[in-house]
Undergrad: 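Mind looking over this structure? Questions follow.
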Amino acid sequence: MYKEFKQLNLPEIDREIRAFWEKEGIFEKSIAQRAVENSYVFYEGPPSANGMPGIHHVMARTIKDIFCRYHTMKGQRVERKGGWDTHGLPIELSVEKALGITKDDIGKSISVDEYNQKCRETVMMYKDRWDDITRKTGYWVDLDNPYITYENDYIESVWWLLQQLYNKGLLYKGFTIQPYSPAAGTGLSSHELNMPGAYKEISDTSAVAMFKIVGSDNEYFLAWTTTPWTLPSNTAVALGRNITYLKVRTYNRYTGAPIVVILAKDRFSSYFSEQNPDLKPEDLKPGNKPIPYIEIVAELKGAELENTEYEQLLPYVKPDGPAFRALLGDFVSTEDGTGIVHIAPTFGSDDFKVAKQYGIVPLMVKDELGNDMPLVDRHGQFVKEVTDFAGRFVKDYGQVEERPVDVDIVIKLKEENKLFVSEKYVHSYPHCWRTDRPVLYYPLDSWFIKASAKKERMFELNQTINWKPASTGEGRFGKWLENLQDWNLSRSRYWGIPLPIWRNKEGTIEKCIGSVAELQTEVNKANAALGKNQAVPKDLHRPYIDEIVLVADNGEPLYRELDLIDVWFDSGAMPYAQWHYPFENKEGFEFRYPADFIAEGVDQTRGWFYTLHAIAVMVFDSVAFKNVVSNGLVLDKNGQKMSKRLGNAVDPFETVDKYGADATRWYMISNAQVWDNLRFDLAGIEETTRLFFGKLFNTYSFFALYANIDKFRHMEADIPMWQRPEIDRWILSALHSLINEVDADLAQYESTNAARKMMQFVDEQLSNWYIRLCRRRFWKGDYTDDKISAYQTLYECLTTLAKLMAPIAPFFADWLYQNLNKVTRHEPFESVHLALIEPAGDDMIDKGLEERMDYAQRISSLVLSLRKKHKINVRQPLQKVILPVLDEAFTEQLDAVKDLIKSEVNVKEIEYLTDASGLLKKRIKPNFKTLGKRLGPHMKAAQEIINNLSQADINAIEKNKEYILEVGGTSFDLNLEDFEIAAEDIPGWLVANDGPLTVALDITLTPALVAEGMARELVNRIQNIRKNRDFNVTDRIQIDLEKHPAVEEAVAQFGQYISDEVLAVRLDLVAGVEGELLDLPEEVVVKVRVELA
RNA sequence: CUUGGUGUAGCUCAAUUGGUUAGAGCACUGACCUGAUACGUCAGGGGCUGGAAGUUCAAGUCUUUCCAUCAAGACCA
């Protein structure tokens, strides 16, 4: 027996099927049954179990699951090793938060050892929840043998990769200017800087400082700064090459000294008021108003001032190389300031870059270890060499002081005739999100991967990758590669993969270790040379690894560089490290690299997608993945970002529990293209449930109901196609067309289109046309070939659909498949996921048949629409429909579906009205596609001519199959192809059009038709009475109907028909019946008594 | 600020790649409980395709520009 169900309960189906999968090991079987040689390689991007899974994870995982399942069903072996991303700042921060400590406490109030232990525990905090949602959403991934980035084997593979880079000269140490929080004692990522609220409006003392030009009496560059504390570190000024500058003679407003200052012409009016050749120093007052000037001495381009030398502004520290020159930088603008930018290479990233280009050195002092350091220490205080301000904090770090140090610097400049003007300036400035104190741009030592050296190759190989959508690959990712910067690998944290590089004190000798074995060898060497007793630690993390001292060839001790590596390197290394390559699994690796397919959110473009690609290109000169789907963001239904704070986040657990995984998955895939942002609305899931799963469920229920009655077990030989009725051949043709399309879509990673086509098939063709028209075949008559054909056909539709939809809706599909296949044993598979999606049978596809059925549907719809307009309901039979036909082929097509249309719209006959009748009014239109190219500019005139052709002209064209068009003095020889001719109207009839289709309806009601209509109304009413009284479908009845003129004729002519339909043994017309009231059309009410016979 | 995406009916999305009435579903209005489905069926109303300009015989589709929105990145001297 086929199982019958009262109602569709998707969550219940989930539970049942999930239990089945687990009990029977279906996932494992789906892999084990396929050969490694025929692998479809998938890489799982490791999530961090440090946070709860969100609905967007369900989205990404659905996409991954779809294509893995699809390729499994195409016969490929699809291993899916799970993985966990376990390192990184978010984990450290959550541990710090939990313990109530800051980074400074690590190594003091808590040992690094304990701290890392805590990280290791915390990182898997939500693993159970993740595993739970993974199972509940039906995402098939190997949860039992995941790769875990903190494991030694994983770290060893990463070390190996780093050593490959090192050996290729792609790993180097340098310093860069990075956002740094002195209060927190840590560098900040750009991500942290972009956190909401990081930028705050603050008021700073800005200054325009005067840099005296060497060799001049009193000429100065004017440079504006909002950070006067960087002035002692100044080593250059930058000008714009094409910016025009002025030399202006005036007096210093504070000291009265005569000066000539240089600034951009565009900025002149911001600093100077009127010209006054007789200006005297006394005329000027301190303050920041524009001042008068004596004269403009010269006007010149920035380029002419390049390399002009000037005197050091605040000579606390002498430079260790060339400095104090004018440079040209393309970042200089004249939007504010003076058009001249003060350059302090130690405190600005542009500054650093431009200075480096010109060979200008930064100002540095030596710290107690003899290393270079800038004039501000890591706490944000001036070093002792800056005597006047030694120990002062450069920004507000909570210190108590009379004035900010910026103000004191300005006062000093003022006194020394080095200040042009100063004012308060309000601007937004980044703050550390943890301490709320200002961030400094600060030079930090870092290890870099020289990604820029390989950017052309990365760009090249990227073009071989199939991106979905393409724009992400070409645009977002491609542009990113074009402007690629070196990859800053260093992180000065504790919980992560340690950089495997050891150096001597001076940094002149270094060793990069690529394996545990190599480390062991080096440790042995060091032990021998240094008389130590070290061992390779069991855990490769800090702090153990830090304690290892190696030895150089010359006997010098080497110490580990304390940095950790960027966690993104961890995940980018997963293709190799998940297999502990090259230390293990070397042999099967070729079948598992590169990936055929990966998928993640667009936010991973510069994240995982990049790190995978970068490592693959730099180490293996290969791509890491061939196809990538990057899905859009999941927003709330109003298009807002989901966040816990706003309370608009959708809980995936609740959603899946309530609606089931399949409806959730189907909705997410079908609603919008997966790479577009999704406005997630629960109402959409409900709709999907109702319109798609509901219909399919009903279709199955219908099948089960009658197949059980008829004991259909699919035991009979298949009825040959030629013996099956037209409608069966039609639905099978449509089904096989669907197979072709869905198969092609899924092969091209177009899951949205695939899902939509299946929905359309179920709704428009299977449920609302095939079943509707075939109902009677299932419940009437004996178990004949026709009936068997109907069952076989519907059965094939359902099982095929189950297979096609299985990748997207794995639970429901398996449920459907098993409900059918377990009864029939028609196929040997215990689960749909072990079955194969077979190619469509091309001999099953008959496009002509599909076309004529489409005509039938559209003609029916037109007729119904006409009935509607004239308020004639479908129960009222009409005499005929007239269809204009312009060619033979069309007539043939229609003949085949004539009967369907007649019964569907309840008309007696269909008449073809050919041209010969002379009754047709035709419409002619040019075929733009063929004519446009030929006629070009004449098209408009031609259109005019063609539209105005008379009926006679049209007939002539059809007869001669050609037409000479004279337009613009040229004549064109047109044939039938160049026109679209359609019947438009039949004068005197009710017509409706749909594109080329036209129908006319005869709405004349003869007494016979009225009587038949009434008969049908009576049948309908009596059937209702039967239903209301809960009669059995087989019960016989007897009827007494009130004698009434409205029904007399109907009973007289169609009494037998009525009796047959309602199973009446007797139908009598009698006067004065006591019984139920029947409301009939035309406000007729008659009484009837119905009783069991 | 730069780059990229998006903008079509009240809402969510289509539109065969430049070809002539711009289509569905939901919502809305109306009709119908027709022998699987009222969680259903049928019909109907609803559009200056974000604005402007351009290319073209022809633009929702291509170009430019502006506007809105989202994302990524840069910078804030």
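FYI, side chains are in, hydrogens and waters are out, and symmetry mates aren't considered; it's all heavy atoms of this structure. Because the structure is predicted, anything quoted here is derived from the model rather than measured. Every chain is numbered from 1 and lettered A, B, ... according to where its sequence line falls, protein lines coming before strand lines.
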Undergrad: Take atom P in B:A24 and the same atom in B:A14, then report the distance between them in whole Å.
TA: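 My reading of the P atoms in B:A24 and B:A14 gives 16 Å.
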Undergrad: If B:U8 has a Watson-Crick or G-U wobble mate with both distances under 3.5 Å, name it; if not, just say none.
TA: none
Undergrad: Given the P atoms of B:C28 and B:C70, what is the spacing between them in whole Å?
TA: 30 Å
Undergrad: For the pair A:Phe5 and A:Tyr700, name the ring-plane relationship: parallel under 30°, tilted 30 to 60°, perpendicular over 60°.
TA: tilted
Undergrad: It should be established whether A:Lys695 places a side-chain nitrogen or oxygen under 4.0 Å from OP1 or OP2 of nucleotide B:U37.
TA: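 Checking B:U37 against A:Lys695, no side-chain N or O comes under 4.0 Å of OP1 or OP2.
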Undergrad: Report yes or no: does A:Thr338 contribute a side-chain atom to a donor-acceptor pair with the main-chain N or O of A:Ile340 at less than 3.5 Å?
TA: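 Side chain of A:Thr338 to backbone of A:Ile340, a donor-acceptor pair under 3.5 Å: yes, one is there.
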Undergrad: If we take the P atom in both B:G45 and B:G30, what is their distance in whole Å?
TA: 15 Å
Undergrad: If the C1' atom of B:G60 is compared with that of B:C13, how far apart are they to the nearest Å?
TA: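 Pairwise C1' distance, B:G60 against B:C13, rounds to 14 Å.
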Undergrad: Would you measure the distance from the C1' atom in B:A59 across to the matching atom in B:U49 and give it in whole Å?
TA: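 One C1' to the other, the span is 11 Å.
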Undergrad: Considering just the side-chain nitrogens and oxygens of A:Lys929, establish if one lies under 4.0 Å of OP1 or OP2 belonging to B:A58.
TA: no
Undergrad: Considering every strand shown, what is the Watson-Crick or G-U wobble mate of B:C48 when both distances are under 3.5 Å?
TA: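 In the structure as shown, B:C48 has no Watson-Crick or wobble partner.
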Undergrad: Which of these nucleotides, B:C57, B:A77, B:C33, is closest to any side-chain atom of A:Thr226?
TA: B:A77
Undergrad: Would you say CD of A:Glu4 has more than 12 non-hydrogen atoms from neighbouring residues, nucleotides or ligands within 6.0 angstrom?
TA: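 Enclosed: over 12 neighbouring heavy atoms sit under 6.0 Å from CD of A:Glu4.
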Undergrad: Using the P atoms only, state how far B:G47 lies from B:G10, rounded to an integer number of Å.
TA: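 To the nearest whole Å, 7 Å.
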Undergrad: Does OP1 or OP2 of B:A36 have a side-chain N or O of A:Tyr700 closer than 4.0 Å?
TA: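 For B:A36, OP1/OP2 do not have a side-chain N/O of A:Tyr700 under 4.0 Å.
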Undergrad: Dump the intermediate steps for side chain to side chain donor-acceptor pair (under 3.5 Å) on A:Ser206 and A:Trp224, then the final yes or no.
TA: CA-CA 7 Å; A:Ser206 77; A:Trp224 177 63; 3.3 Å; yes
Undergrad: Without decimals, in angstroms, what is the distance between A:Trp779 CH2 and B:G35 C1'?
TA: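 For the pair A:Trp779 CH2 and B:G35 C1', the rounded distance is 5 Å.
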Undergrad: Syn or anti for B:U17? Use the chi torsion, O4'-C1'-N9-C4 for purines and O4'-C1'-N1-C2 for pyrimidines, with syn inside 90° of 0.
TA: syn
Undergrad: Measuring only the P atom in each nucleotide, how far is B:A31 from B:C67? A whole number of Å is fine.
TA: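 Per the computed distance, 50 Å lies between those P atoms.
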Undergrad: The side chain of A:Leu691 is closest to which nucleotide in this list: B:A77, B:G25, B:U20?
TA: B:G25
Undergrad: I want to check one thing: is the phosphate of B:A36, taken as OP1 and OP2, less than 4.0 Å away from some side-chain N or O of A:Arg775?
TA: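 Yes, within the criterion.
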Undergrad: From the options B:C42, B:U21, B:A71, select the nucleotide whose nearest atom is closest to the side chain of A:Leu633.
TA: B:A71
Undergrad: Using the C1' atoms only, state how far B:G50 lies from B:G5, rounded to an integer number of Å.
TA: 16 Å
Undergrad: Respond yes when some side-chain nitrogen or oxygen of A:Ser865 is under 4.0 Å from OP1 or OP2 of B:G44, and no when none is.
TA: yes
Undergrad: Hey, is the main chain of A:Tyr2 close enough, under 3.5 Å, to the side chain of A:Asn708 for a donor-acceptor pair?
TA: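 A pair under 3.5 Å: yes.
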Undergrad: Rounded to whole Å, please give me the gap between CG in A:Asn768 and C1' in B:A43.
TA: 14 Å
Undergrad: Answer yes when A:Arg1021 and A:Glu1017 have at least one side-chain N-carboxylate O distance shorter than 4.0 Å, and no when they do not.
TA: yes
Undergrad: Testing A:Val634, A:Val650, A:Leu635 one by one against A:His56 for a side-chain contact (heavy atoms from CB on, under 4.5 Å), which residue passes?
TA: A:Val634
Undergrad: If I compare all heavy atoms of A:Tyr667 with all of A:Arg679, which pair ends up nearest, and what's the gap?
TA: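 Heavy atoms of A:Tyr667 and A:Arg679 come nearest at OH-O, 3.0 Å.
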Undergrad: Take nucleotides 2-16 of chain B nucleotide by nucleotide from the 5' end and write B, S or -, depending on whether a protein heavy atom sits under 4.0 Å from the base, only from the sugar-phosphate, or from neither.
TA: -SSS------SSS--
Undergrad: Let me know the distance between CZ of A:Arg1016 and C1' of B:U34, rounded to the nearest Å.
TA: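 Whole-Å distance recorded here is 10 Å.
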Undergrad: Find the partner of B:A58: check Watson-Crick (N1-N3 plus N6-O4 or O6-N4) and G-U wobble (N1-O2, O6-N3) distances, both under 3.5 Å, and reply none if neither fits.
TA: none
